[in-house]
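Structure record follows, encoded as structure tokens.
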Amino acid sequence: MQESKSVPGVCFPWEEKKKEYAEIKGDEEVVKAWWETYDVHAYVHLWFCVTGL
Amino acid sequence: MQESKSVPGVCFPWEEKKKEYAEIKGDEEVVKAWWETYDVHAYVHLWFCVTGL
Amino acid sequence: MAKSMQELYEERMDRYWKANHLQKPDKVPFRPCAAELAGKIAGYTAQQVTHDPDLGLDAVVKMCQAVPGIDATVVNMVFVNTSVTESYGLKYYKVPGIDLDADDSFQYIEPQTEEDAFMKVEEYDRFIEDPNEFVMNVWLPRTSKYMVPPGEQNTWKNNLAWLKNGIAIQQYFQKLGANVARMQTETGTVSSLAGALKAPFDILADKFRGFRGIAYDLHRCPDKVLKATEAVAPHMAWNCIATADPSRKVPCSHWMHRGATGFFSEEVFEKFHWPTLKMVTEQIWEAGIQTIYYAEGKWARNLKHFRQLPEQSIIFHCDKDDIYEVKRVLGDRFAISGGVPNDMLAFGEPADVKKRVKQLITDFGPDGGYLLDAEAIMQQDVKVENFIAMAQACEEYGYI
Amino acid sequence: MAKSMQELYEERMDRYWKANHLQKPDKVPFRPCAAELAGKIAGYTAQQVTHDPDLGLDAVVKMCQAVPGIDATVVNMVFVNTSVTESYGLKYYKVPGIDLDADDSFQYIEPQTEEDAFMKVEEYDRFIEDPNEFVMNVWLPRTSKYMVPPGEQNTWKNNLAWLKNGIAIQQYFQKLGANVARMQTETGTVSSLAGALKAPFDILADKFRGFRGIAYDLHRCPDKVLKATEAVAPHMAWNCIATADPSRKVPCSHWMHRGATGFFSEEVFEKFHWPTLKMVTEQIWEAGIQTIYYAEGKWARNLKHFRQLPEQSIIFHCDKDDIYEVKRVLGDRFAISGGVPNDMLAFGEPADVKKRVKQLITDFGPDGGYLLDAEAIMQQDVKVENFIAMAQACEEYGYI
């Protein structure tokens with residue numbers, strides 16, 4: 001099976017986004033969860049254009 | 001009062017969009033109404049960033 | 001006392017679930033896939049149901065109200081909303097009321113040349129390396145009049161197109177959800193599917209390379225075609241599961257195109273089409289979701305392959321195949337649907353339809369695992385009286 | 001028999017409406033503006049109510065459940081959702097839980113130099129010619145880490161940022177609407193405002209030029225400042241009306257900043273601030289909508305100007321002004337709100353609060369046109385027992 005770089009459900013990985021922050025002073029999970037929530041939505045929009053439109 | 005070029009509620013005017021179509025074979029009002037619906041939403045998003053965020 | 005909508009809904013859900021799972025429900029479920037036909041019943045033009053998302057969805061509710069006996073149906077069988085696609089400048093449709101008369105069905109325009117293709121033959125490696133990157137940065141911008149790919153000079157129309165894509169599709173998703181709820185509470189009807197799937201080979205053929213392109217590629221770069229199907233398959237499965245029914249009660253749908261026997265040889269099907277389709281279907285099944293194989297065209301030669309799938313993992317919808325042959329080959333493992341020819345619905349009379357429905361129910365009903373439907377998606381050519389006859393015959397003969 | 005939520009809601013709406021319209025309701029309405037305080041009551045950190053839109057909105061419902069006697073409140077007094085702003089890379093906030101401790105309030109970072117300003121002094125003409133074009137093509141891209149203006153080389157992060165802006169804000173709007181309904185059905189509480197307004201001068205000062213920039217501009221290009229307020233005013237009015245309560249029952253809100261007497265001279269207020277604010281307020285009133293003038297800071301010197309506005313067109317919220325003086329100057333034309341010092345709510349005791357509330361109600365209640373609130377938006381420094389005392393005192397003494 002061909003290995004692909006792209007991970008389903010991810011456009012802009014949290015690991016990349018996290019590098020923008022010097023520090024996360026509070027609960028990182030809250031920040032990560034919502035970043036990923038909107039990132040997943042963006043991914044679903046992109047692929048809805050592919051498979052649904 | 002200063003006259004401004006921009007009309008509230010409009011980003012991409014229907015008159016401009018309409019030029020893309022060689023012809024509108026059916027009910028133009030339906031096409032116009034929905035173009036303007038999403039255009040108004042985009043405008044509201046832009047100004048929500050200005051006044052609400 | 002009349003049943004409440006909730007009781008009616010639960011009764012229909014039970015019936016639908018059992019038939020999908022090879023069981024014998026109290027009645028053969030009527031599960032039509034009505035597209036522009038719903039608009040015809042509701043009094044809306046094809047332009048209205050295609051371009052106006054509110055009327056398009058309203059038409060389905062009105063159809064369920066006007067025609068008693070619909071157990072489950074598709075909330076948006078006119079699956080493209082062209083006001084959404086126009087908002088961000090999608091190029092590949094002929095739109096009812098714009099490019100077409102207000103009563104024509106929307107049409108997909110497949111680019112006919114390598115130059116116009118949304119993915120070029122030399123781009124296989126990029127696609128294979130990262131299909132999501134390709135979709136975001138190459139494919140989607142190419143399909144839009146306004147979008148600009150990374151690296152090129154940006155425009156205000158580009159920025160606005162992405163914004164509108166976000167807004168319009170998001171709103172459309174919410175309207176879909178609200179209308180599924182409306183169908184349930186106002187008409188007691190089950191939304192028959194959630195989550196869409198295409199075969200990896202189909203998506204490559206339909207949306208990226210085009211039929212001509214893929215036909216050549218099978219000869220000039222067969223390994224890349226195969227790798228491309230393998231690269232895109234996880235995205236197909238993931239998206240289908242992510243957008244499926246959270247309760248796992250209703251199946252997702254797989255609209256089947258280029259695996260039909262008229263397009264490619266059995267060898268091509270076996271090597272390029274089937275392996276990733278099988279894998280994706282199994283992943284979806286492992287997530288607890290059945291897939292409707294909506295097999296457009298004729299599939300006879302390839303039917304035997306589907307027996308490799310886990311029992312009950314699919315519902316096989318029969319279009320131009322002999323449904324008796326389909327039942328013989330697949331009926332012990334999977335539910336089947338279909339059986340009423342669209343020609344009969346368009347040109348026949350209610351008596352013809354009732355006779356056909358009675359026959360289908362008599363032959364398939366007693367075993368369970370059968371759902372009544374037309375052969376193909378019902379558009380504006382279907383006579384309303386024939387559709388009503390279908391529903392009535394199912395009510396009349398279906399309790400067996 | 002206990003009142004149904006719907007009865008409670010209607011009673012509160014009637015009370016709220018009457019007080020806003022200078023009438024005497026059955027009880028003085030308690031209309032708190034509770035921001036991080038709601039999270040404190042619900043058990044959520046400032047990070048949670050600011051960054052998690054579900055918890056932020058849930059906190060307000062929980063507060064209405066936990067503290068009986070809230071007649072009307074703001075569904076999202078923590079008005080910035082930082083997960084939305086992070087999704088498209090907004091630069092101008094310090095975010096609780098990221099840049100700030102999880103229990104700090106979010107902070108707006110105003111660029112301090114001309115170089116960093118989101119609008120440069122030489123861009124007045126472009127802004128004046130077309131404020132929407134400026135917002136779309138200049139201002140918004142500059143405020144985002146990812147967005148790229150037209151004419152520059154596009155990036156994938158730009159495209160994704162616009163898409164996410166569309167999705168995230170759209171979802172946030174839907175969550176807001178759903179939570180207004182939840183407040184009504186689960187707690188019988190009125191959503192106290194809909195549609196936000198800023199004074200044209202304030203928006204120019206706050207979001208485009210910055211306070212330092214505008215202070216210089218008033219000397220170096222006063223005509224352009226004035227023209228800019230005039231150019232942006234129709235957009236302020238239009239947006240406020242478009243996002244206001246469709247039923248016109250609840251007011252919109254005008255969060256007042258740089259017109260307070262500490263910032264600029266009366267001449268500046270009269271020439272640059274007031275004319276377009278007056279015009280916008282009148283347009284909104286003509287559309288059938290009242291405006292809450294939430295007058296942050298001290299406004300005494302400028303109060304007299306507000307008398308020019310149509311009777312009942314505004315509700316004047318008093319922060320650091322002497323509320324008795326406000327009542328004397330404006331009380332015959334407009335309802336007033338406020339009166340409980342935030343210092344007392346943070347450092348005082350419930351008995352102090354009750355005494356203050358009793359006094360306010362005794363002095364203003366009999367005339368009608370008064371709404372109980374703190375002086376300023378309530379953050380996490382307010383003691384919960386003092387907030388509860390406020391609600392209880394209003395229940396106890398408010399029926400006069």
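Chain letters run A, B, ... following the sequence lines, proteins first, then strands; residues in each count from 1. Basis for what follows: all heavy atoms, side chains included, without hydrogens, waters or symmetry-related copies.
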Evaluate side chain to side chain contact (heavy atoms under 4.5 Å, CB included) for Gln153(C) paired with Gln153(D), printing each intermediate quantity in order.
-> CA-CA 5 Å; Gln153(C) 185 173 306; Gln153(D) 186 173 303; over 6 Å; no
Go through Asn159(C), Asn165(C), Leu160(C) and name the one with the most non-hydrogen pairs under 4.5 angstrom from chain D.
-> Asn159(C)
Which bit of Glu152(C) is near chain D, if near means a heavy-atom gap under 4.5 Å: side chain, backbone, both or neither?
-> backbone
Let me know if Gln174(C) has heavy atoms under 4.5 Å from chain D in its side chain, its backbone, both or neither.
-> side chain
Do other residues, nucleotides or ligands put more than 12 heavy atoms under 6.0 Å from Lys145(D) NZ?
-> yes
Based on non-hydrogen pairs under 4.5 Å, which of Ala161(C), Pro149(C), Ala168(C), Pro150(C) is most in contact with chain D?
-> Pro150(C)
Take atom CD of Glu115(D) as the centre, draw a 6.0 Å sphere, and report whether it contains more than 12 heavy atoms from other residues, nucleotides or ligands.
-> no
Which distance, rounded to the nearest 0.5 Å, do you find between the CE of Met147(D) and the CG of Asn154(C)?
-> 10.5 Å
Heavy atoms only, distances under 4.5 angstrom: which of Ile169(D), Leu140(D), Val148(D) has the most pairs with chain C? Name it, please.
-> Val148(D)
The reported gap from NZ in Lys157(D) to CE in Met136(C) (rounded to nearest 0.5 angstrom) is 10.5 Å
Atom pair NZ (Lys164(D)) and CG (Leu163(C)), whose distance is rounded to the nearest 0.5 Å = 14.5 Å
Quick one: side chains of residues 190-198 of chain D, donor-acceptor pairs under 3.5 Å with protein atoms, not counting sequence neighbours, listed by atom name and distance.
from, atom 1, to, atom 2, distance (Å)
Ser192(D), OG, Thr73(D), O, 3.2
Ser192(D), OG, Val74(D), N, 3.4
Lys198(D), NZ, Thr51(B), O, 3.2

Is the number of heavy atoms from other residues, nucleotides or ligands within 6.0 Å of NZ (Lys91(C)) greater than 12?
-> yes
Flag side-chain contact, heavy atom, 4.5 Å: Asn158(C) against Asn158(D) | yes
May I ask you to check whether over 12 heavy atoms, not counting those of Lys120(D), lie within 6.0 Å of atom NZ?
-> yes
